[in-house]
Amino acid sequence: MADQGYIMEVCVDSVESAINAERGGAGRIELCASLLEGGITPSVGLLQVVKQYVQIPIFVMIRPRGGDFLYSDREVEVMKADIRLAKIHGADGLVFGALTEDGRIDAELCMELLAVSRPLPVTFHRAFDMVYDPLLAMETLISLGFERVLTSGCDTSALEGLPLIKRLVEQAKGRIIVMPGGGITERNLQRILEGAAVQEFHCSARSTKDSAMKYRNNSVCMGATLSTSEYSTKVTDVAKVRTLNAMAKNFL
């Protein structure tokens with residue numbers, strides 16, 4: 001694996017971001033909607049159009065809502081339906097995670113979702129960062145057959161979580177790919193690659209883009225007050241992707 005260099009995964013929630021990620025040298029896309037909420041399941045329309053514009057593998061987020069990772073039976077039905085649709089419409093892989101109320105991996109539910117996902121590879125997402133016992137949780141993921149786990153090392157960012165990420169990589173011994181993600185930028189990527197023997201990393205590499213709207217009504221907000229301005233969006237930045245990619249290449 002090491003001879004291939006690093007694989008950079010970029011999370012995107014628009015066609016423009018997906019195109020920019022590929023252009024900047026990303027090796028894989030994690031396709032979501034609403035990255036403001038940490039990413040939820042994208043529409044089939046978004047997947048279809050992204051497939052038309054990019055060649056790199058697209059892993060589709062399966063997360064019916066923001067918030068915790070304890071799912072009701074109805075939410076599970078939606079997740080299974082979304083997995084089937086993602087497969088039909090050309091997803092190259094899937095990304096999901098589920099926990100029990102006491103902060104363990106919901107092995108039973110994950111097994112069901114993995115069965116629906118076959119034969120596609122699956123990443124267990126940052127629900128992992130909410131577990132009670134990370135080292136035990138990773139063993140569960142390995143036995144279930146997840147291909148990789150995305151983690152910030154159960155901390156505010158991958159840089160803070162680096163000591164745990166290092167332990168996870170050592171314990172994994174190649175049985176699962178440990179992919180650091182969470183606040184990775186050109187300012188800290190080198191330290192993360194130095195600090196843990198990872199082969200892949202995950203980032204958003206975004207810049208704020210102002211709306212093209214000339215007429216603006218600033219007194220109306222479409223979501224909760226904590227949301228950002230209706231008149232700006234965040235888009236994957238080709239230059240940032242290129243920089244991160246070059247840093248990883250040079251680090252070899």
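If you read the sequence from its start, that first residue is 1, and numbering goes on from there.
Without hydrogens or angle criteria, N188 side chain to L159 main chain gives no donor-acceptor distance under 3.5 Å. At least one donor-acceptor pair closer than 3.5 Å links the side chain of H125 to the backbone N or O of G97. Not a single donor-acceptor pair under 3.5 Å links the side chain of D106 to the backbone N or O of T100. Although no hydrogens or angles enter the test, the distance criterion places no donor-acceptor pair under 3.5 Å between the side chain of R126 and the main chain of F128. For S14 (side chain) and S17 (main-chain N/O), a donor-acceptor pair under 3.5 Å exists by modelled atom type. Of the possible donor and acceptor atoms, one in the side chain of K87 sits under 3.5 Å from a partner among the backbone N and O of R118. In terms of modelled atom types and a separation under 3.5 Å, the side chain of D13 and the main chain of L35 share a donor-acceptor contact.
Around the CZ atom of R167, the shell of radius 6.0 Å holds no more than 12 heavy atoms that belong to other residues, nucleotides or ligands. The local environment of NZ in K166 is sparse, with at most 12 non-hydrogen atoms from other residues, nucleotides or ligands closer than 6.0 Å. Heavy-atom contacts from other residues, nucleotides or ligands closer than 6.0 Å to CD of E101 number 12 or fewer. More than 12 non-hydrogen atoms from other residues, nucleotides or ligands lie less than 6.0 angstrom from CG of D102.
For the atom pair CZ of R104 and OG1 of T140, the computed distance is 9.5 Å after rounding to the nearest 0.5 Å. Distance CD1/I192 to CZ/F201: 9.0 Å, rounded to 0.5 Å. Residue I184 holds its CD1 atom at 11.5 Å from CZ of R191, rounded to the nearest 0.5 Å. Between atom CD of residue E160 and atom SG of residue C154 there is a gap of 13.0 Å, rounded to the nearest 0.5 Å. Residue R242 holds its CZ atom at 11.5 Å from NZ of K249, rounded to the nearest 0.5 Å. With rounding to the nearest 0.5 angstrom, the OG1 atom of T41 is 11.5 Å from the CG atom of L47.
The minimum heavy-atom distance between L164 and G153, with the atom names listed, is CD2-O, 3.4 Å. Of all heavy-atom pairs between V241 and A205, the closest is CG2-CB, 3.7 Å. In terms of heavy-atom proximity, C11 sits nearest to S204 at SG-CB, 3.6 Å.
Remark: of the listed residues F59, F146, F96, F69, F146 is the sole one forming a ring pair (Phe, Tyr, Trp, His ring centres under 6.0 Å) with F124. Across I58, I29, V50, N20, a single residue satisfies side chain to side chain contact (heavy atoms under 4.5 Å, CB included) together with V12, and that is I29. Of the residues listed (E147, E139, E170), the one engaging R175 in a salt bridge (Lys or Arg N to Asp or Glu O under 4.0 Å) is E139, and it is the only one.
For K234 and D237, the salt-bridge test fails: no basic side-chain N is under 4.0 Å from an acidic carboxylate O.
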* Do I176 and M138 pass the side chain to side chain contact (heavy atoms under 4.5 Å, CB included) test, and can you show the C-alpha distance, the side-chain angles, and the key distance before you say yes or no? -> CA-CA 8 Å; I176 190 169; M138 187 178 68; 3.9 Å; yes
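M179 and L114 are not part of a single hydrophobic cluster, where members link through side-chain heavy atoms under 4.5 Å apart.
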